[in-house]
Amino acid sequence: MKRRFFCATATLVASFGFATAAAAQTKWDFATAYGPGNFHSKNNELFVKDVDAATGGKLKITPHFGASLFKMPEIKRAVQTGNAQMGEFFLVSFQNESQIFGVDGLPFLVNSYDDAFKLYQAQKPALQKLLDKQGQVLLYAVAWPPQGIYTKKPVNSVADLKGMKWRVYSPTTARIGELIGAQPVTVQEAELAQALATGVVDGLITSSATGADNKLFENLKYYYNVQAWIPKNAVTVSKKAFAALGKAEQDALLKAAAAAEERGWKESKEVDARSIAALKQGGMSIETGSAQLKTDLAKVGETVVKEWTEKAGADGKAILDTYKAGK
Ligand code: PCA
């Protein structure tokens, strides 16, 4: 009897001690979709380390790279429902939910990182509002390098893209696929190399970074660096998880987020140059694109922007007006 009492007390003390330690430390899961070598992933990793250091280990965030926790299209919802406290997702993929998500996927609206950043500033208030309604706080958004066209065969005009099995990642890239007479096939970045190797797709528009990350030169031979748009990944936190933090941890998180945003945009530019060199090294032909191709693409772009503007209504117009006024 005496012995049993002793055991129960020991268990009680042990579990009490454990509960205290658990209360002192908050643990979050951070769902991401890109491999550990990707520059967004590395930036996220530095963010996590910054938060750890600034909170003295009180807020422990575990990043899950390469769509290992949730697939990219599921990540936003996972944060929304609290299945992951944090997540990173590709904004333009969610354009069907709201046109606001798709403004940085519009062709030839911006032609530099500076302009892309200005467009982000114009988009941000609406984006924050939208995410807030979806139970999330926007922490940071980082641009991918400009988007160019990868093909197997040389392309001199849009007519040469006809019939291509065209990998798409957003409503806009699917619409472009239709307009150029290609067959749009949705493939997530995590499955891109496989889709190319098995012939599910044989052309796409994406960044130099994604080309280099996935060694696209193993299946494709040409990269047309037409810089069609500069889309972004967003990193968000569940509003509930954020509200449950103490003020010091909230401040540390926001400070690390601001640093990650600045570092990410800077790194994106450098990654573009490095990735183009890696593509060349892999045997890919890097092209600027013929005048005809550019004219054809500009026409496709005009249609897409017009359709977006009609769908996006007053909110969309306000973003474009703010952006243009700030240029
Ligand atoms: N790479 C990602 C998103 C944009 C980019 O450059 C992809 O192709 O899915």
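Not measured: the values here are computed from a predicted model. Counting from 1, the numbers follow the sequence of the chain as shown. Whatever order the structure lists them in is the order used to number ligands and atoms, beginning at 1. Note that these values count all heavy atoms, side chains included, but never hydrogens, waters or copies made by symmetry.
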Correct closest heavy-atom pair for Ala257 and Phe47 would be N-CE1, 3.5 Å

re atom 1 (N) of ligand 1, the protein heavy-atom contact at minimum distance is Thr210 OG1, 2.6 Å

Does an N or O anywhere in Arg167 fall below 3.5 Å from an N or O of ligand 1?
yes

Query raised in the report: According to the interplanar angle, ranging from 0 to 90°, do the rings of Trp265 and Tyr120 count as parallel (below 30°), tilted (30 to 60°) or perpendicular (above 60°)?
Result: parallel

Aromatic ring proximity, centroids under 6.0 angstrom, Trp28 and Phe242: no

Of all heavy-atom pairs linking Met284 and Leu220, the shortest is CE-O, 3.2 Å

Give yes or no for whether the N/O distance cutoff of 3.5 Å, strictly under, is met between Glu189 and ligand 1.
no

Atom 3 (C) of ligand 1 sits nearest the protein heavy atom Phe90 CZ, 3.4 Å

- Does ligand 1 have any atom sitting under 4.0 Å from a heavy atom of Gln188? no

Centroid-centroid distance, Tyr34 to Phe65, less than 6.0 Å: no

heavy-atom search around atom 6 (O) of ligand 1 in the protein gives Ser207 OG, 2.6 Å

Walk me through whether Asp296 and Gln292 qualify under side chain to side chain donor-acceptor pair (under 3.5 Å).
CA-CA 6 Å; Asp296 290 353; Gln292 185 63 52; 2.8 Å; yes

Checklist entry - Taking the six-membered ring for Trp, are Tyr222 and Tyr150 ring centroids under 6.0 Å apart? => result no

* Does ligand 1 have any atom sitting under 4.0 Å from a heavy atom of Gln147? -> yes

Is there at least one pair of N or O atoms, one from Tyr34 and one from ligand 1, spaced under 3.5 Å apart? no

The protein heavy atom nearest to atom 5 (C) of ligand 1 is Thr206 OG1, 3.2 Å

